[in-house]
Amino acid sequence: MSSKPSIPKGTRDFSTEEMLKREYIFESIKQIFRLYGYQPIETPAIENLPTLLGKYGEEGDKLLFRILNSGDFLSSLTDDDLAKREYSKLSSRICEKGLRYDLTVPFARYVVQHRDEIVFPFKRYQIQPVWRADRPQKGRYREFFQCDVDVIGSDSLLNEYELIRIIDDIFKKFRISTVIKINNRKILAGIADYIGESGRIIDITIAIDKIDKIGIGNVKSELSSKGLSDEAISSLQPFLQLSGDTSDKLASLSKLLFESEAGMKGITELQALFAYIESSPLTCDVELDLTLARGLNYYTGAIIEVKSKDVSIGSICGGGRYDNLTGVFGMEGVSGVGISFGADRIYDVLNQLDLFNDLKGSSTEVLIVNFGENETKYALKILDQLRGMEVKSELFPDAAKLKKQLSYADSKKIPYIIIAGEEEISKNTITIKIMSSGEQKSMPLDKLSSFVNEEIKRS
RNA sequence: GUGGAUGUAGUUCAGUAGGUUAGAACGUCGGAUUGUGGUUCCGAAGGUCGUGGGUUCGAGCCCCAUCUUCCACCCCA
């Protein structure tokens, strides 16, 4: 019974070339996280299902990968249970575990579970894969890596500001031009208060979110199909028509929302955050976007989303503040903020924009030509010397034709070739060929280290 | 989860109304050049046409199923 090997939909293998690029992404992000004082943790790929369920909204629960119990998972069920065919009830009895859906919820669980070991505010980063049973599309995978940074146990808006700086640093490093969109859930709650539909924040924000895509008219009809009254919808009108720059918008908002405590709080928070942003040297565009909603249920304050200006691939980074995520695990009153970078989408953007050029440094710098058994000893000595000087180097394993060895170097973009055959050995010299110019230099073997220092290390 | 497209050498794609041995370009390998790559010239290898059924004298092409990828919705990194 042999079938063609395959991998599940929405998952991928990564080649050596791809992994070099991916590792470059992870390393760069990690470096910047550390620069800001964040420290790594990891959590298991699988969590107990109750940890995950109900944290991401109805849609999120559907997209959770559940893990069937091992052994006879039917043993606890009666025929009657099966006959009822209530899949959600059944699944919670035959699946105790699930694959994690994001890194924020497992992090909240971690914080509660380890609260006695943690010093607050706790700044951590976490780079691990997550899984979603979504239908795959471009830039949308069922297994993908998130790179999360969160700080938990601090209400300060300085944290939000710091995250904006991290975003700016990371995309500056990658040379991706981006827009950072910011909003605040408290303002959205204030709007819901204002139109007299406090309980419907999520429906309202999801609908508002689509304004750019489907237009005001369709947003309204969607809201009315969700059961909002006509007067509620028409009193929404002023919010959809705000104009001017960020401070104009915030000013008109505070006129509209002055009666809503939540709304005013949201406005003050955003004013403070934008005050920090305005006096800082950001290279990204930052804008207040009242249509930004984000579906994740647990956000309560700032919400942040980052988009590439040049590639349309959804958001490449997103996050926000959650005031009570740890509350559901029994630890009240601890607020956190965090963002998540989508490594796979960043990869797609960098690839599409051909921005991986400066990765040459990650492959071999020197290739030593193999002339055969008699010359090998001499070559190995050179190789040891190079590696001793931390020069990435390799000896071609076979005594293939020079042409073959040079084109190997060419395809691997190896910049320097050392040729040491019979002639060189007899004179105790080496020949170095510089691939970019074709130029060749002959020198005594003991001059190699100074060549390395002056030419190779410098470039 | 709903609706719609797609699938042909390693890669990007041709493939005419269903008719012999399925083509090109690029890449790979070999040679021109026995110690000199990236240019050029010559040559070669490489495909059970996504998979499984069906219609037909005959299927890459038509029908059905299935998988993949992609697009829209939903949602999101």
Side-chain angles (χ1 to χ4, degrees), chain A residues 2-12 15 25 29 56-64 87 101-104 127-148 167 202 205-207 209-210 213-214 218 222 292-297 299 303-308 312-320 338-349 367 369-372 375 396 399-425 431-440 442:
Chain A
S2 78
S3 56
K4 269 199 177 159
S6 64
I7 56 176
K9 181 199 307 213
T11 65
R12 297 147 301 153
S15 67
I25 292 175
I29 289 177
Y56 309 106
E58 212 178 306
E59 194 67 25
D61 284 356
K62 273 194 251 167
L63 298 179
L64 274 171
Y87 93 97
Y101 179 91
D102 74 354
L103 300 177
T104 308
I127 298 178
Q128 289 190 274
V130 303
W131 294 268
R132 294 181 189 178
D134 208 349
R135 182 173 287 201
Q137 255 179 59
K138 195 193 196 73
R140 175 178 296 201
Y141 307 101
R142 291 185 140 186
E143 176 184 64
F144 60 96
F145 272 76
Q146 289 194 326
C147 312
D148 271 41
I167 293 171
I202 292 178
T205 53
I206 286 175
D209 193 24
K210 291 184 213 157
K213 253 187 197 167
I214 62 177
N218 290 323
E222 180 165 330
L292 175 62
R294 296 190 63 77
L296 256 32
N297 274 359
Y299 292 125
I303 41 185
I304 300 166
E305 191 165 287
V306 183
K307 290 201 163 178
S308 156
S312 113
I313 197 170
S315 61
I316 49 181
C317 176
I339 48 171
S340 180
F341 292 81
D344 302 80
R345 286 186 179 174
I346 291 173
Y347 179 98
D348 290 342
V349 171
L367 176 78
V369 172
N370 186 326
F371 282 104
E375 291 86 353
F396 197 85
K401 285 182 184 166
L402 233 201
K403 177 187 165 69
K404 162 80 187 163
Q405 301 192 41
L406 285 175
S407 51
Y408 170 83
D410 194 57
S411 67
K412 271 188 86 173
K413 298 200 169 62
I414 299 174
Y416 299 97
I417 308 296
I418 290 184
I419 299 170
E422 217 180 326
E423 241 175 80
E424 285 87 355
I425 294 173
T431 298
I432 296 184
K433 182 181 176 79
I434 300 166
M435 292 297 270
S436 57
S437 61
E439 184 193 354
Q440 282 187 197
S442 188

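Given the structure is predicted, the values throughout are model-derived calculations rather than measurements. Numbered from 1 within each chain, the chains take letters A, B, ... in sequence-line order.
- Note on ring orientation: taking the six-membered ring where Trp is involved, the planes of A:Phe396 and A:Tyr408 are perpendicular (angle over 60°, cut-offs 30° and 60°).
- Nucleotide B:A5 has B:U69 as its partner under the Watson-Crick or G-U criteria, with both atom distances under 3.5 Å.
- As rounded to the nearest Å, B:U39 and B:C26 have P atoms that lie 11 Å from one another.
- Among the atoms of the strands shown, none is found under 4.0 Å from any heavy atom of A:Cys147.
- Using a 4.0 Å heavy-atom cutoff across all strands shown, A:Gly60 reaches no nucleic acid atom at all.
- Distance A:Tyr416 OH to B:G38 P: 20 Å, rounded to the nearest Å.
- Note on A:Ile417: nothing from the nucleic acid sits closer than 4.0 angstrom, heavy atoms only.
- Computed from coordinates, the A:Glu59 CD to B:C73 P distance equals 14 Å when rounded to whole Å.
- A residue-by-residue look at A:Lys433 and A:Gly318 shows that A:Lys433 has its nearest nucleotide of RNA chain B further toward the 5' end.
- Counting any heavy atom pair closer than 4.0 Å across all strands shown, A:Ile316 reaches sugar-phosphate atoms only and no base atom.
- Across B:U48 and B:U2, the matching C1' atoms stand 36 Å from one another, rounded to whole Å.
- Under 4.0 angstrom from either OP1 or OP2 of B:U36 there lies no side-chain N or O belonging to A:Lys404.
- Using a 4.0 Å heavy-atom cutoff across all strands shown, A:Tyr141 reaches at least one base atom of the nucleic acid.
- Contacts of A:Gly421 with the nucleic acid, taken as non-hydrogen atoms under 4.0 Å apart, include base atoms.
- Among the protein residues, A:Gly10 comes within range of the sugar-phosphate backbone only, with heavy atoms under 4.0 Å from sugar or phosphate atoms but none that close to a base.
- Looking at which nucleotide of RNA chain B each of A:Phe145 and A:Glu439 is closest to, the 5′-most match is held by A:Glu439.
- For the residue pair A:Thr431 / A:Glu424, a side-chain donor-acceptor distance below 3.5 Å is found, with atom types taken as modelled.
- Residue A:Ser436 is in base contact, counting any heavy-atom pair closer than 4.0 Å across all strands shown.
- Between the P atom of B:U69 and the CG atom of A:Asp134 lies a distance of 13 Å, rounded to the nearest Å.
- Taking the P atom of each, B:G1 and B:C61 are spaced 29 Å apart, rounded to whole Å.
- The distance between atom NZ of A:Lys413 and atom C1' of B:G38, rounded to the nearest whole Å, is 11 Å.
- Looking at heavy-atom distances under 4.0 Å, A:Gln405 makes no contact with the nucleic acid at all.
- Inter-residue side-chain proximity for A:Tyr101 and A:Val130 is flagged as unmet; no heavy-atom pair is nearer than 4.5 Å.
- Taking atom C1' on both nucleotides, B:C73 is separated from B:A14 by 34 Å, rounded to a whole Å.
- Taking CG from A:Leu64 and CZ from A:Arg132, the interatomic distance works out to 9.5 Å, rounded to the nearest 0.5 Å.
- In terms of heavy atoms, A:Ala420 sits closest to A:Ile425 at O-CD1, 4.1 Å.
- For the pair A:Lys433 and A:Leu406, the tightest heavy-atom approach, listed with the atom from each and the gap, is CD-CD2, 4.2 Å.
- Across B:G31 and B:G37, the matching P atoms stand 12 Å from one another, rounded to whole Å.
- Searching all strands for a Watson-Crick or G-U wobble partner of B:A24 with both distances below 3.5 Å returns B:U12.
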